[in-house]
Amino acid sequence: MKPPLRYVADPSPLVNEFANFCHQWDLHRAMRAMDAMERHGVFADAITYSELIKCCSARGAVQEGKRVHEHIFCKGYEPKMFVVNTLLNMYVKFNLLEEAEDLFDEMPERNVVSWTTMISAYSNKLNDKALKCLILMFREGVRPNMFTYSSVLRACDGLPNLRQLHCGIIKTGLESDVFVRSALIDVYSKWSDLDNALGVFDEMPTRDLVVWNSIIGGFAQNSDGNEALNLFKRMKRAGFLADQATLTSVLRACTGLALLELGRQVHVHVLKFDQDLILNNALIDMYCKCGSLEDANSAFSRMVEKDVISWSTMVAGLAQNGYSRQALELFESMKESGSRPNYITVLGVLFACSHAGLVEKGWYYFRSMKKLFGVDPGREHYGCLIDLLGRAGRLDEAVKLIHEMECEPDSVTWRTLLGACRVHRNVDLAIYAAKKIIELEPEDAGTYILLSNIYANTQRWEDVAEVRKTMTNRGIRKTPGCSWIEVDKQIHVFILGDTSHPKIEEIVQRLNDLIERVMGVGYVPDTNFVLQDLEGEQKEDSLRYHSEKLAIMFGLMNLSREKTVRIRKNLRICGDCHVFAKVVSRMEHRSIVIRDPIRYHHFQDGVCSCGDYW
DNA sequence: GTAGGGTTAG
C-alpha cells in the first residue's frame, strides 16, 4: 500500500481545511473542500477519510458517500484497507448490497474486518451467502474473530450443524465473548432449543443486560412465559434494570399467559419509555390478548407514533374480541393515516368481516386485496374466508374455495371447515374434514376425539370403536382440559379430574349450587359435547366439572363484583360450558372472558361476543 | 474500520 501521494510532500492548506471539516463532521463544507482538493490533485490521510465516511454513514448521506468513494479511488491514490473497510461498512448500512459486493470483489487484499462486514451484510436474510462467506474466508487463510462469529451466528437460522459450529467456536476460545454468547443463545432460541440456550447462559461467569434480554426473549418467544418471568425475577435480583427490550419480552410473556394484572404492573415501567414504538406495540397486544380493550384503546390512542404493527395489532385485537364494527372503522382510520396495510392487517380485517357476518364485504376485501394493498391472498386469508362462509352456513361455497386455493390447504384450513360443520350439523362433511386433519396431523388427540364424538352423536358405535382403536394403536392420549385464572397475582390452575386445588371441595359445592340455580332459569346441560359415550346422569357429571366451570366458580367466589372474570383455556371451549357461561353472566350480572387457543369469548348479559359460532 | 437483545397472524 502506498501512502497518500502528495500529502506528506505538500501539506497544503486545502488539506488542512478539509481535515478540520471532516473531524468536525461538517459534511457540507468538507465536501466542498474535497472538490477543491481534487482540482489541485491533493489527498488527505486515511484517518480523515475514514472520519468523513463515518459521517456520511451516520447522516444517511448516500450521494456524498459515493462521491467520497470516487474521490479516494482517484487516479494515483491507493486508499488504505481500513478506509475501504469503512466504505464497505457504509454501503452495508445504506443497504446497498451491490455496491458493497463490487467494492469487496475489487479489493486486492481483505482482512477479517472486510469479511466480517460482508458476513454481517448477508446475515439478515441471505443466510446461505453469509455461510459461504465464512468458508471462503477460511480458504483465504483469514481467521474469524468474535465479531465474525457473532455475525455469522445470526445467519444460522435453519443450519443443521449448529452444534458443530458451536464446538468450533469453543475450540477457538471465542465462546467467552459476551456478544458471541448472546448470539448463541439467540440462535438456539430461534431453533426452540432452550436447553442449549440455557446451557450457554448458565455457563457465563459475567452477564450483561443484553444477554439477560436474549434468554428472557428466548423463553417468551417460545411460549414459555413462566420461565421468562422467572428469569426476569432472577435478572432483577442480580441487580439489572429492565430496558425496552426486557419489558417487551416480559409483556409478551404476560400476553401468552393472559396475566392482565401483572401486565398492568409492567405498564407502569413502560411509561419510562413511552416513545418506544415496539414496546408500545407489545403493550397494546398484551391488553388486547388479555381481553381488556379499554386499556388497549387508551394505550393505542396515546401513542405518538404508530406503525403498521400498531394498527394491525389493534384491528385484529378488536376483531378477535368481538368488536368487529370498531375494527373495520379503525381500519378506515388506518388507511386515512397513510399507513399501508400488510398481510397481517388484511387477516384482521377479514376476521372482522367474518365475525360481523359481512359476507359481501369479506369477499370484496378478499378479491381486491392484491389490487388495493398489494398483498397476495395466503393460506390464512383463505382460512378467514372459509370461516366467513361457514358462519353464514354456505358450506358448499367453503368447500369449493378450499379446492380452488392457490396454496395447499393445511390442518388449520380443514379445522376451520370442521368448525362450520359442527355448528351446522353437517356430519358427512365433518367426517371428511376430520379425516383430512388426521392425515396431516396424526398426533393431534383433539381431532380423534371430535371425530369419535360426531360418530357417537349419530349412534355410529362401530366407527367410535374404530377411532378409539386407532388412537390406542398410535399411542395417542387425550389432552386434559385445563383452565387458568389470576386472582391476587396468583395463578390458579384447574384441570379436568384433578382435585389438588386446596379449595376444591368448596368450589365444587358452590358450583353445584350454581348449576342448580342456572337450571332453574332454563339451562339444560348439553350432552352433545361430552367427550365420552356415557349415558344420562353420568354424562352430566363429567360436564359439571369441566375446568372452565371450576375456574368461573373460583373467579365468582374470589373477585369483587365489578371485576371481570378472566380465564385462559388450553382447549377449545365446549358448547355446554359456553351456554353455562352465558347464563351465569346474565344471572350473576358478571362479565366473563374466556380465551381459548384461537378465540375470545366475552360473556355479558347472557350474550357472547363470538355470536355462538367458534 | 467489523458483532449480540424487543412488537402484529398461525
Counting only non-hydrogen atoms, which of [range] are less than 4.0 Å from DNA chain B?
{"range": "residues 224-242 of chain A", "result": "none"}
{"range": "residues 273-298 of chain A", "result": "A/D276, A/I278, A/L279, A/N281, A/D285, A/K289"}
{"range": "residues 135-153 of chain A", "result": "A/N145, A/M146, A/F147, A/S150, A/S151"}

Checking all strands, does [X] fall into the base, sugar-phosphate, or nothing category for heavy-atom contacts under 4.0 angstrom?
{"X": "A/T313", "result": "sugar-phosphate"}
{"X": "A/V178", "result": "base"}
{"X": "A/V211", "result": "base"}

Pairs in or reaching into [range]: which pass salt bridge (charged side-chain N to carboxylate O under 4.0 Å, His left out), with residues at least two apart or in two chains?
{"range": "residues 216-243 of chain A", "result": "A/D202-A/R234"}
{"range": "residues 282-296 of chain A", "result": "A/R264-A/D295, A/D285-A/K289"}
{"range": "residues 330-343 of chain A", "result": "A/E332-A/K335"}

How long is the line joining [atom1] of [X] and [atom2] of [N], in whole Å?
{"X": "A/Y382", "N": "B/dA9", "atom1": "OH", "atom2": "C1'", "value": "18 Å"}
{"X": "A/L440", "N": "B/dG10", "atom1": "CG", "atom2": "P", "value": "18 Å"}
{"X": "A/L174", "N": "B/dA3", "atom1": "CG", "atom2": "P", "value": "16 Å"}
{"X": "A/L209", "N": "B/dG6", "atom1": "CG", "atom2": "P", "value": "12 Å"}
{"X": "A/M118", "N": "B/dA3", "atom1": "CE", "atom2": "C1'", "value": "16 Å"}
{"X": "A/D186", "N": "B/dA3", "atom1": "CG", "atom2": "P", "value": "16 Å"}
{"X": "A/L350", "N": "B/dT8", "atom1": "CG", "atom2": "P", "value": "20 Å"}
{"X": "A/E408", "N": "B/dG10", "atom1": "CD", "atom2": "P", "value": "21 Å"}

With no angle test and no hydrogens, is the base of B/dG4 tied to the side chain of A/D177 by a donor-acceptor pair under 3.5 Å?
->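 Checked by distance alone, the answer is no.
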
Under 4.0 Å between a side-chain N or O of [X] and OP1 or OP2 of [N]?
{"X": "A/R379", "N": "B/dG10", "answer": "no"}
{"X": "A/Q244", "N": "B/dT7", "answer": "no"}
{"X": "A/R252", "N": "B/dT8", "answer": "yes"}
{"X": "A/R181", "N": "B/dG4", "answer": "no"}

Identify each donor-acceptor pair in which a side-chain atom of residues 136-147 of chain A lies under 3.5 Å from a protein atom, sequence neighbours left out, and give them as a table.
from, atom 1, to, atom 2, distance (Å)
A/E140, OE2, A/R110, NH2, 2.8
A/N145, OD1, A/F147, N, 3.0
A/N145, OD1, A/T148, N, 3.0
A/N145, OD1, A/T148, OG1, 2.9

Can you name the residues that form a side chain to side chain donor-acceptor pair (under 3.5 Å) with A/T416, not counting sequence neighbours?
->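 Side chain to side chain donor-acceptor pair (under 3.5 Å) list for A/T416, sorted by chain: empty.
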
Can you name the residues that form a side chain to side chain donor-acceptor pair (under 3.5 Å) with A/H601, not counting sequence neighbours?
->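 Side chain to side chain donor-acceptor pair (under 3.5 Å) check on A/H601 returns A/H578, A/D596.
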
Step through the shown structure and confirm whether more than 12 heavy atoms of other residues, nucleotides or ligands are within 6.0 Å of CD1 on A/I47.
->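 Incorrect, the count does not exceed 12.
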
Among B/dT2, B/dG6, B/dG4, which is the nearest nucleotide to the side chain of A/T248?
->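 Of B/dT2, B/dG6, B/dG4, B/dG6 is nearest to the side chain of A/T248.
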
Report yes if the side chains of A/V349 and A/P341 come closer than 4.5 Å at any heavy-atom pair, otherwise no.
->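 They are not in side-chain contact.
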
So do the side chains of A/F366 and A/Y382 get within less than 4.5 Å of each other, counting heavy atoms only?
->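 Of all side-chain heavy-atom pairs linking A/Y382 with A/F366, at least one is under 4.5 Å.
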
For residues 265-275 of chain A, which residue pairs qualify under side chain to side chain donor-acceptor pair (under 3.5 Å), counting only residues two or more places apart or in two chains?
->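 Sorted pair list: A/H267-A/Y287.
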
Who pairs with A/F82 by ring pair (Phe, Tyr, Trp, His ring centres under 6.0 Å), at least two apart in sequence or on another chain?
->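 Not a single residue meets the ring pair (Phe, Tyr, Trp, His ring centres under 6.0 Å) criterion with A/F82.
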
I'd like a table of donor-acceptor pairs (distance under 3.5 Å, sequence neighbours excluded) in which one partner is a side-chain atom from residues 94-103 of chain A, with atom names and distances.
from, atom 1, to, atom 2, distance (Å)
A/E99, OE2, A/K66, NZ, 3.2
A/E101, OE2, A/Y122, OH, 2.6
A/E101, OE2, A/K129, NZ, 3.0

